[in-house]
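None of these values were measured; they are calculated from a predicted model.
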Amino acid sequence: MMKRRQVLKTLLISAALMLPAGAALAADAVKVGLILPMTGPFASTGRQVEAGAKLYMAEHGDEVAGHKIELILRDDTANAEQTRRIAQELVTREKVQVLAGFGHTPLAMAAAPLATQGKVPMIVMAAGTSVITEKSPFIVRSSFTLPQVTEPLARWAKDNKIEKVVTLVADYAPGLDAEKAFSDTFTKAGGQIVESIRVPLANPDFAPFLQRVRDAKPDAVFSFVPSGVGSALMKQFDDRGLAQAGIRLIATGDVTDDDLLNKMGKAALGTITTHHYSAAHDSPENKAFVKAFEAANGGMRPNFMAVGGYDGMALIYEALKKTGGDAKGEALVNAMKGLSWTSVRGPVSIDPETRDIVQTVYFREVKEQDGQLWNVEFDKVEAVKDPVKAAKK
């Protein structure tokens, strides 16, 4: 009897050794839970982030450091309570090793406690409020912060003879971040904020607010609205005749979203924005990225959300390489700290102290080239950290 058991054990071991590598890895996959708004008013954000993440995997394979990477997509419809519930299910039932996505700040905030409790790395690929990374030691950001891209614009405005500004922002955390960053920097440089206007996030009607801007007669209006809403702002800015009244529109790059820019028409021409990515960015890496992205997505142009998803996956892959495949929360987050690489947006790194991304901020003007509208870069500030956290040191 003992001899038969030994023979059976030997046969089982031999069979295991003869299995193809993929079969052995199937039970040892690294699961990434991707939580995004795939339906509802912010579906364009989810579509772009998902497409960016999937393109990175298509280009780099679905195995890294001896582990299969499994992407599990869930739609939170941009509802924070849904985000929290989905994150909990992904951690407890699906046993994901990484949470990722998070199209807006309230959604990231809802998942942060679960990342801490479960010691699960949480890659913020879209949301831009500065404080997010302070809500959990397991949060790492591959997107940007609003103060990071706003402060350079405020300095540019004052340097370019804009003396009086009305700020008009979406009334939630990123908008308040942008409002404060612009106002503080602009007034410190000697400029004047004539009025600060906050617009409801849900189904915004900009017309009455833009009339207030026109009545205030500033040199410019500074605006931040989330990706996907810029078209409505641009149309109503044009309808109200603000440009004809001599009022310039300056904004963060969310307003002239690459994905939607062509639909905004000639009213967008001349708009000055600052941001960390443009589909027109002139580098070999970006040209290859745009070509591959459009080919994989029916001609859809990538925007900054797509890059957040693409680089978020790069962050996960490179960290796993660094740990030799160890996907435990603390090990993976520690491996992400200080990572640097050449992104399609330019050189980037992860600040080891704040876990925010450090990157170049570009000055852009909307121009028409070959019958299409593009955010054309004309200047830049390199290696920009999140200024809010930098000021706390």
Side-chain angles (χ1 to χ4, degrees), residues 45 48 103-105 108 124-133 141-160 162 165 167-170 172-186 189 220-230 233 249-259 261 271-281 286 302-308 311 343-351 354 356-366 375-391:
T45 292
Q48 285 275 346
H104 294 289
T105 292
V124 175
M125 296 176 167
T129 303
S130 173
V131 75
I132 289 173
T133 54
R141 192 180 335 237
S142 67
S143 53
F144 71 114
T145 78
L146 261 302
Q148 185 181 45
V149 300
T150 300
E151 284 195 5
L153 181 60
R155 288 190 287 269
W156 179 91
K158 188 65 179 65
D159 290 343
N160 284 268
I162 293 174
V165 170
T167 61
L168 187 154
V169 302
Y172 74 128
L176 306 188
D177 258 10
E179 177 189 90
K180 178 173 172 51
F182 187 92
S183 298
D184 288 356
T185 305
F186 189 65
V221 54
F222 161 74
S223 185
F224 158 78
V225 295
S227 178
V229 185
L233 174 66
L249 175 61
I250 58 176
T252 61
D254 315 71
V255 173
T256 58
D257 182 337
D258 285 302
D259 183 21
L261 188 55
T271 302
I272 301 294
T273 60
T274 44
H275 228 215
H276 56 288
Y277 176 71
S278 167
H281 179 62
N286 185 56
N303 69 3
F304 65 101
M305 295 293 186
V307 174
D311 282 344
S343 164
V344 300
R345 67 183 103 175
V348 298
S349 64
I350 301 300
D351 188 326
T354 67
D356 274 313
I357 195 161
V358 181
Q359 58 193 330
T360 302
V361 174
Y362 302 93
F363 298 85
R364 307 102 52 84
E365 180 180 355
V366 177
N375 290 299
V376 178
E377 298 164 0
F378 62 87
D379 204 353
K380 63 184 178 182
V381 182
E382 297 178 336
V384 180
K385 294 186 176 184
D386 172 49
V388 174
K389 298 185 189 72

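Atom CD of residue E151 and atom OG1 of residue T274 lie 10.5 Å apart, to the nearest 0.5 angstrom. Here the OH atom belonging to Y277 is positioned 13.5 Å from the CE atom belonging to M305, to the nearest 0.5 angstrom. For the atom pair CG of L249 and OG1 of T273, the computed distance is 9.5 Å after rounding to the nearest 0.5 Å.
Closest non-hydrogen pair, P226 versus A170, comes out as CD-CB, 3.8 Å. When all heavy atoms of V358 and A383 are compared, the closest pair comes out as CG1-C, 3.7 Å. Minimum heavy-atom separation, V169 to G175: CG2-O, 3.5 Å. The two residues K380 and Y362 make their nearest non-hydrogen contact at CB-CD2, 3.8 Å. Counting all heavy atoms, side chain and backbone alike, S142 lies closest to G308 at OG-O, 2.8 Å. Nearest heavy atoms, P147 versus G128: CD-O, 4.4 Å.
Taking 4.5 Å as the limit, every side-chain heavy atom of V388 sits out of range of all side-chain heavy atoms of T145. Residues E382 and T360 form a side-chain contact, since some pair of their non-hydrogen atoms from C-beta on lies under 4.5 Å apart. Contact of the N375 side chain with the V366 side chain is registered, since non-hydrogen atoms from C-beta on lie closer than 4.5 Å. Looking at heavy atoms from C-beta onward, D177 lies out of side-chain contact with F224 at the 4.5 angstrom threshold. Two residues are said to be in side-chain contact when any heavy atoms from C-beta on lie closer than 4.5 Å; T129 and P174 meet this criterion. Inter-residue side-chain proximity for T271 and V255 is flagged as unmet; no heavy-atom pair is nearer than 4.5 Å. For the pair I272/L153, a side-chain contact is recorded, criterion being any heavy-atom separation below 4.5 Å from C-beta on. By the 4.5 Å heavy-atom criterion applied to side chains, F363 and V381 are counted as neighbours.
With sequence neighbours excluded, no residue forms a side-chain hydrogen bond (donor to acceptor under 3.5 Å, both in side chains) with K385. F182 meets the ring pair (Phe, Tyr, Trp, His ring centres under 6.0 Å) test with F186, F222; sequence neighbours excluded. Under the rule for a ring pair (Phe, Tyr, Trp, His ring centres under 6.0 Å), the partners of F304 that lie at least two apart in sequence or sit in another chain are F144, H275, H276.
With N286 contributing its side chain and A279 its backbone, the two residues share a donor-acceptor pair below 3.5 Å. Checking side-chain atoms of T185 against main-chain N and O of R155 turns up no donor-acceptor pair under 3.5 Å. Within the 3.5 Å criterion, the main-chain N or O of L168 finds a donor-acceptor partner in the side chain of S223. The closest donor-acceptor contact from the side chain of Q359 to the backbone of S143 lies under 3.5 Å. A donor-acceptor contact shorter than 3.5 Å links the side chain of S343 to the backbone of R345. In this structure, Q148 contributes its side chain and I357 its backbone to a donor-acceptor pair below 3.5 Å.
Around the NZ atom of K180, the shell of radius 6.0 Å holds no more than 12 heavy atoms that belong to other residues, nucleotides or ligands.
With N303 as the fixed residue, the side chain to side chain donor-acceptor pair (under 3.5 Å) test singles out one of D257, T256, D258: D257.
In the model, D386 has a side-chain atom that pairs as donor or acceptor with a side-chain atom of S130 under 3.5 Å. Side-chain atoms of T133 and K389 include a donor-acceptor pair closer than 3.5 Å.
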